[in-house]
Amino acid sequence: MDNHTSSSSERSDFIRDIVAADLRDGRVDSVVTRFPPEPNGYLHIGHAKAICLNFGIASEFGGRCHLRFDDTNPVKEEQEYIDAIEKDVRWLGFDWGEHLHFTSDYFEQLYEWAVHLISEGKAYVDDLSAEEIREYRGTLTEPGKASPWRDRPAQENLDLFKRMRAGEFPNGSRVLRARIDMASGNINFRDPVLYRILHAAHPRTGDAWCIYPSYDFAHGQSDAIEGITHSICTLEFQDHRPLYDWFIENLPVPSTPHQYEFARLNITHTVLSKRVLLRLVKEGHVRGWDDPRMPTLSGIRRLGFPAEGMRDFAAMIGIARSDSVVEIQMLEYAVRQVLNRTAQRRFGVLNPVKVVIENYPEGQVEEMETVNNPEDPSAGTRLVPFSRELWIERDDFMEDPPKKFFRMAPGREVRLRSAYFVTCNEVVKDADGEVIELRCTYDPETRGGSSPDGRKVKATLHWVSAAHAVPAEVRLYDHLFTDPNPGSDGRDLFEGLNPDSETVLPTCYVEPSLADIPAGETVQFERLGYFCVDPDSTSDSLVFNRTLTLKDAWVKVQAQGKQNSA
RNA sequence: UGGGGCGUAGUUCAACGGCAGAACGCCGGCCUUUGGAGCCGGAUGCUGGAGGUUCGAAUCCUCCCGCCCCAGCCA
């Protein structure tokens with residue numbers, strides 16, 4: 001497999017440069033990366049960036065990438081999350097092959113290595129409470145001081161550590177600490193905790209253990225066990241790298257992995273923090289982890305974002321070490337690119353208003369041929385029934401149109417896509433003055449949508465035959481937060497939630513070819529946007545989620561009009 | 001006030017001592033049986049600042065400024 005001529009491998013960044021140099025100079029024989037999620041929540045778009053990076057590098061350089069669950073804290077972790085994470089990584093398009101691993105697989109080895117450190121006088125059991133440890137640690141500007149237990153003899157430490165494992169002590173009563181440097185400017189070196197007592201059932205090891213290793217003591221050693229060559233993580237772990245290296249140097253590990261850090265992803269109008277996402281779910285601001293408004297992979301999948309768009313986006317934004325916030329428009333662009341190419345076109349009317357074509361024979365039905373995707377001739381054509389009474393979009397008519405409104409208006413001829421030219425002659429209103437029906441005539445010579453005399457119309461409208469229409473619920477989605485940088489104004493994050501992030505339209509009409517469309521499929525409703533069939537959908541009651549709108553020049557004209565008149 | 005990082009168009013990134021570029025966004029035009037898509041064109045930078053080295057600095061050096069991360073028995 002030669003990826004090196006493909007466009008994706010032309011992309012470069014400082015990490016790929018390092019990998020290429022390590023391979024070239026023989027520091028590694030082949031590259032091994034890993035994606036190491038903690039199963040304490042669902043994966044989000046920020047994780048997708050890391051997944052694309054790790055799996056992408058492995059595939060571009062002919063190496064491999066492991067999926068490793070960093071499951072060292074049973075009080076926060078659940079099997080549900082493990083299952084969801086595996087599903088999401090696969091959905092994104094990546095395969096870890098044989099290399100599904102769990103840090104918990106290494107608990108016995110990690111324990112032995114802890115014993116090794118104790119024997120060398122490089123670790124000790126501390127009886128201080130959590131609060132005392134914090135006090136002894138010092139502050140950012142003042143050095144810490146030694147715990148009274150710091151010089152405990154190795155034999156006593158060994159004995160105590162064994163008894164910690166045996167379950168003789170309650171939670172929080174003792175910890176195992178590395179013995180490094182209480183005065184270090186790097187706080188991670190001030191005798192970091194290696195093991196804590198947690199009498200809690202673990203999703204995988206059950207009650208086999210009541211002491212669990214900390215992240216610092218587990219991560220690098222797990223990398224070493226798996227032969228990871230490049231351990232890639234986010235910037236907040238930079239300060240941990242010297243400690244990561246310290247364990248690799250002071251333990252008889254089978255390989256010497258190295259850690260590299262990159263800037264985590266931030267996106268406007270949303271938030272990528274597991275803590276906040278968990279709150280959104282638990283407090284009911286959204287309906288679940290897979291709510292279409294959530295930036296989780298399960299959320300965007302339900303919204304209708306294709307995995308390919310997500311991967312393209314990851315390639316677009318690149319990898320760097322500076323903090324940044326990507327405009328969500330860039331993600332949306334990547335998604336539209338894919339959907340424009342792949343989504344079949346259909347007719348759907350969201351806010352229906354009735355059209356009656358007075359000179360069209362009552363009871364007549366014509367099957368109008370129309371293309372499934374102008375971007376892809378191989379998608380073919382389909383037949384859409386046309387009849388005397390139709391639904392069109394309420395927004396496509398104005399009784400008193402402003403200058404730049406091209407759509408239907410009294411006396412104006414427009415095209416019904418793939419059907420006929422029609423002209424509105426009369427507007428029927430109800431008692432409240434609401435337009436309820438548009439009486440039109442059609443020109444039989446314009447069948448298919450073009451006129452033999454060559455006359456033009458400015459607008460083309462989508463439509464659905466009333467007699468053949470399939471009712472559907474359509475859920476309109478918008479950004480979760482109104483503010484591009486949620487919480488930046490210092491107010492509570494949740495006050496900035498967009499109240500209009502979801503709008504449910506219960507009475508929409510779609511063309512009959514959509515009657516049996518399966519959940520998960522995405523189509524373009526012409527002129528409106530992309531719509532994905534929600535899992536709530538049944539053949540009796542269709543439900544579509546609006547993935548994204550199409551770019552709409554008219555909304556810009558409207559906005560400018562408002563500005564001018566203001 | 002200790003330690004570790006980061007500053008290049010509005011945004012995300014390139015440029016690795018040799019004319020500061022791309023993508024997204026924005027503006028204008030063309031085209032159009034989607035006001036979509038596509039095509040063409042345009043604007044936008046004191047490369048955070050000040051010194052220095054050099055024929056030549058975004059790039060190397062010094063100082064300054066700003067922003068981010070670290071004081072969990074979370075990861």
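Quick note on labels: first sequence line is chain A, next is B, and so on, each numbered from 1.
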>> For a quick check of understanding: with a heavy-atom distance under 4.0 Å over all strands, which category does Leu128(A) fall into, base, sugar-phosphate or nothing?
In response: base
>> Apply side-chain contact (heavy atoms from CB on, under 4.5 Å) to residues Tyr509(A) and Leu390(A) and explain how you reach the verdict.
In response: CA-CA 10 Å; Tyr509(A) 294 111; Leu390(A) 313 167; over 6 Å; no
> Would Tyr215(A) and His219(A) count as a close aromatic pair, with their ring centres under 6.0 Å?
Replying inline: yes
> Does rA71(B) have a Watson-Crick or wobble mate here (both distances under 3.5 Å), and if so which one?
Replying inline: none
>> In whole Å, I'd like the distance from the NZ atom of Lys274(A) to the P atom of rG72(B).
In response: 21 Å
> Ala320(A) side chain: which of rA14(B), rU34(B), rG72(B) is closest?
Replying inline: rA14(B)
>> Regarding Thr139(A), tell me which of base, sugar-phosphate or nothing describes its non-hydrogen contacts under 4.0 Å with the strands shown.
In response: base
> OH of Tyr81(A) versus P of rA75(B): gap in Å, rounded?
Replying inline: 16 Å
>> Between Trp554(A) and Asp395(A), does the side-chain contact (heavy atoms from CB on, under 4.5 Å) criterion hold? Intermediate values first, please.
In response: CA-CA 11 Å; Trp554(A) 170 240; Asp395(A) 289 349; over 6 Å; no
> Should Ile300(A) and Pro295(A) count as side-chain neighbours, where that means a heavy-atom distance under 4.5 Å?
Replying inline: no
> Is rC60(B) paired to anything, Watson-Crick or G-U wobble with both distances less than 3.5 Å, and if yes, which nucleotide?
Replying inline: rG52(B)
> Across the strands shown, which category fits Thr72(A) at heavy-atom distances under 4.0 angstrom: base, sugar-phosphate, nothing?
Replying inline: sugar-phosphate
> Just by modelled atom types, is the Pro170(A) backbone N or O under 3.5 Å from a matching donor or acceptor in the Ser173(A) side chain?
Replying inline: yes
>> The criterion is side-chain hydrogen bond (donor to acceptor under 3.5 Å, both in side chains); which residues satisfy it with Asp453(A), sequence neighbours excluded?
In response: Ser451(A), Arg455(A)
> Considering only side-chain heavy atoms of Asn340(A), which listed nucleotide, rA37(B), rC16(B), rG35(B), is closest?
Replying inline: rA37(B)
> NA contact type, Arg321(A), heavy-atom cut-off 4.0 Å: base, sugar-phosphate, or nothing?
Replying inline: sugar-phosphate
> rG72(B) C1' sits how many Å from Leu198(A) CG, rounded?
Replying inline: 12 Å
>> Between Gln344(A) and rU34(B), is there a contact of a side-chain N or O with OP1 or OP2 at under 4.0 Å?
In response: no
>> Apply ring pair (Phe, Tyr, Trp, His ring centres under 6.0 Å) to residues Phe262(A) and Phe14(A) and explain how you reach the verdict.
In response: CA-CA 9 Å; Phe262(A) 69 99; Phe14(A) 75 96; 8.1 Å; no
>> Rounded to whole Å, please give me the gap between CG in Asp223(A) and C1' in rA75(B).
In response: 14 Å
> Taking a pair as Watson-Crick or G-U wobble with both distances under 3.5 Å, which nucleotide is matched to rC31(B)?
Replying inline: none
> With both distances under 3.5 angstrom, what nucleotide forms a Watson-Crick or G-U wobble pair with rC26(B)?
Replying inline: rG42(B)
>> Please verify the inter-ring angle class for Phe107(A) with Tyr212(A); under 30° counts as parallel, over 60° as perpendicular, anything in between as tilted.
In response: perpendicular
> Phosphate oxygens OP1/OP2 of rC73(B): is one of them under 4.0 Å from a side-chain N or O of Arg137(A)?
Replying inline: yes
> Quick one: is rU34(B) close enough that its OP1 or OP2 comes under 4.0 Å of any side-chain N or O from Arg407(A)?
Replying inline: no
> Using a cut-off of 4.0 Å on non-hydrogen atoms, how would the nucleic acid contact of Gly318(A) be classed: base, sugar-phosphate, or nothing?
Replying inline: nothing
> Any sub-3.5 Å donor-acceptor pair from Arg34(A)'s side-chain atoms to His66(A)'s backbone N or O?
Replying inline: no
>> So if I take residues 372-379 of chain A and measure heavy-atom distances to RNA chain B, which residues fall below 4.0 Å?
In response: Pro374(A), Glu375(A)
> Under a 90° cut-off about 0 for the syn range, is rG72(B) syn or anti?
Replying inline: syn
> Can you check whether Ile187(A)'s main-chain N or O pairs, donor with acceptor, with Ser184(A)'s side chain at less than 3.5 Å?
Replying inline: no
>> For Glu236(A) and Arg264(A): C-alpha separation, side-chain torsions, deciding distance, then whether salt bridge (Lys or Arg N to Asp or Glu O under 4.0 Å) applies.
In response: CA-CA 9 Å; Glu236(A) 66 269 27; Arg264(A) 67 188 313 144; 2.7 Å; yes
>> My understanding is that a pair needs two contacts under 3.5 Å, Watson-Crick or G-U wobble. By that rule, which nucleotide pairs with rG66(B)?
In response: rC6(B)
Please list, pair by pair, any protein nitrogen or oxygen found under 3.5 Å from a nitrogen or oxygen in nucleotides 25-32 of chain B.
| unit_1 | atom_1 | unit_2 | atom_2 | d |
| --- | --- | --- | --- | --- |
| rC27(B) | OP2 | Lys556(A) | NZ | 2.8 |

>> Suppose we screen for side-chain hydrogen bond (donor to acceptor under 3.5 Å, both in side chains). Which residues come up paired with Arg163(A), at least two apart in sequence or across chains?
In response: Asp159(A), Glu168(A)
> Using a cut-off of 4.0 Å on non-hydrogen atoms, how would the nucleic acid contact of Glu132(A) be classed: base, sugar-phosphate, or nothing?
Replying inline: nothing
> Counting any heavy atom closer than 4.0 Å, what does Ile133(A) reach on the DNA or RNA strands: base, sugar-phosphate only, or nothing?
Replying inline: base
>> Could you tell me how far apart Leu243(A) (CG) and rA71(B) (C1') are, to the nearest whole angstrom?
In response: 15 Å
> Relative to the 5' end of RNA chain B, which residue comes earlier, Thr446(A) or Tyr195(A), by the nucleotide with the nearest heavy atom?
Replying inline: Thr446(A)
>> Side-chain N or O of Arg527(A) versus OP1/OP2 of rG35(B): is the shortest distance under 4.0 Å?
In response: yes
>> One thing to verify: whether Arg68(A) and Asp223(A) come together as a salt bridge, which I'm taking to mean a side-chain N less than 4.0 angstrom from a carboxylate O.
In response: yes
>> Under 4.0 Å, heavy atoms only, any strand: does Glu142(A) hit a base, just the sugar-phosphate, or nothing?
In response: nothing
> Just checking Ser450(A): base, sugar-phosphate only, or nothing, at a heavy-atom cut-off of under 4.0 Å?
Replying inline: base
> Would Met330(A) and Phe313(A) satisfy side-chain contact (heavy atoms from CB on, under 4.5 Å), going step by step from the backbone distance to the final call?
Replying inline: CA-CA 7 Å; Met330(A) 225 184 276; Phe313(A) 170 70; 4.1 Å; yes
> Reckon Ser324(A) has a side-chain N or O less than 4.0 Å from the OP1 or OP2 of rC13(B)?
Replying inline: yes
>> Less than 4.0 angstrom from a charged side-chain N to a carboxylate O is my criterion; do Asp191(A) and Arg150(A) meet it?
In response: yes
Considering only nitrogen or oxygen atoms on both sides, find all protein atoms under 3.5 Å from nucleotides 67-70 of chain B and state each distance.
| unit_1 | atom_1 | unit_2 | atom_2 | d |
| --- | --- | --- | --- | --- |
| rC68(B) | O2' | Asp323(A) | OD2 | 3.2 |

>> Categorize Phe262(A) for me: base, sugar-phosphate, or nothing, with a 4.0 angstrom heavy-atom threshold over every strand shown.
In response: nothing
> Heavy atoms under 4.0 Å, any strand shown: does Val457(A) hit a base, just sugar-phosphate, or nothing?
Replying inline: nothing
> Closest to the Asp70(A) side chain: rA75(B), rU34(B), rC24(B)?
Replying inline: rA75(B)
> Which of residues 166-176 of chain A have a heavy atom under 4.0 Å from RNA chain B?
Replying inline: Gly172(A), Val175(A)
